[in-house]
Amino acid sequence: MPATPLRYVCAYDIPDNRRRLRVARVLEGYGDRVQLSVFEAVLSQEQLDTLVTEVTAELELGEDALTIYPLCAACAGRMHRLGRAGEGVPPGSEEVFIV
């Protein structure tokens with residue numbers, strides 16, 4: 001039985017505009033942008049592995065930084081969203097399809 005998908009926060013600092021755009025496009029395929037360089041995604045382990053492979057191919061590891069933070073269900077449920085950040089999908093309300 002596959003593990004339950006987790007919510008992940010992906011944040012990057014990429015000085016090159018072209019690489020930053022390519023990384024953003026990869027992340028857009030997996031989740032929602034919540035700030036200019038921050039995305040949230042609900043991913044299975046397989047999806048996370050694929051995302052890491054795809055995004056690593058776009059990074060210049062000597063110059064760029066990307067961190068993926070897992071949020072357990074309990075932590076995601078205790079998130080605080082204030083201001084415009086609250087416009088995203090509330091934790092636990094997203095639809096997850098496992099194929």
Side-chain angles (χ1 to χ4, degrees):
M1 178 176 191
T4 302
L6 290 179
R7 177 178 293 266
Y8 293 90
V9 175
C10 308
Y12 57 79
D13 182 15
I14 300 172
D16 181 79
N17 289 337
R18 300 179 99 187
R19 286 197 312 271
R20 187 170 51 246
L21 179 60
R22 290 195 307 261
V23 167
R25 285 185 179 151
V26 170
L27 293 171
E28 285 170 349
Y30 289 90
D32 299 313
R33 184 187 296 261
V34 293
Q35 291 190 11
L36 288 177
S37 60
V38 180
F39 283 77
E40 288 182 9
V42 177
L43 305 170
S44 67
Q45 184 60 51
E46 181 179 350
Q47 290 170 317
L48 176 64
D49 294 342
T50 304
L51 170 94
V52 169
T53 299
E54 290 181 18
V55 82
T56 299
E58 303 297 342
L59 293 172
E60 179 63 48
L61 297 178
E63 296 182 21
D64 304 336
L66 184 140
T67 305
I68 301 172
Y69 303 93
L71 293 179
C72 69
C75 295
R78 296 191 322 239
M79 286 191 332
H80 295 276
R81 293 181 185 269
L82 306 171
R84 290 182 47 229
E87 295 173 356
V89 177
S93 66
E94 62 273 342
E95 292 184 28
V96 177
F97 299 95
I98 299 173
V99 180

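In this structure, the separation between CD on Glu54 and CD on Gln47 is 11.0 Å, given to the nearest 0.5 Å. Distance CG/Asp16 to CD/Glu58: 11.0 Å, rounded to 0.5 Å. How far CD of Glu40 is from CD of Gln35: 9.5 Å, rounded to the nearest 0.5 Å.
The backbone N or O of Glu28 lies less than 3.5 Å from no partner atom in the side chain of Arg25, so there is not a single donor-acceptor pair.
Cluster note: Phe39 groups with Leu6, Tyr8, Tyr12, Ile14, Val23, Val26, Leu27, Tyr30, Leu43, Leu48, Leu51, Val52, Val55, Leu59, Leu61, Leu66, Ile68 through ILVMFWY side-chain heavy atoms spaced under 4.5 Å, whether in direct contact or through intervening members.
Closest approach of Ser44 and Pro5 over heavy atoms only: N-CB, 4.0 Å.
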message = Does Glu63 form a side-chain contact (heavy atoms from CB on, under 4.5 Å) with Arg19? I'd like the steps, not just the answer.
response = CA-CA 11 Å; Glu63 296 182 21; Arg19 286 197 312 271; 3.1 Å; yes

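Side-chain contact check for Pro15 versus Asp64: some heavy-atom pair is nearer than 4.5 Å.
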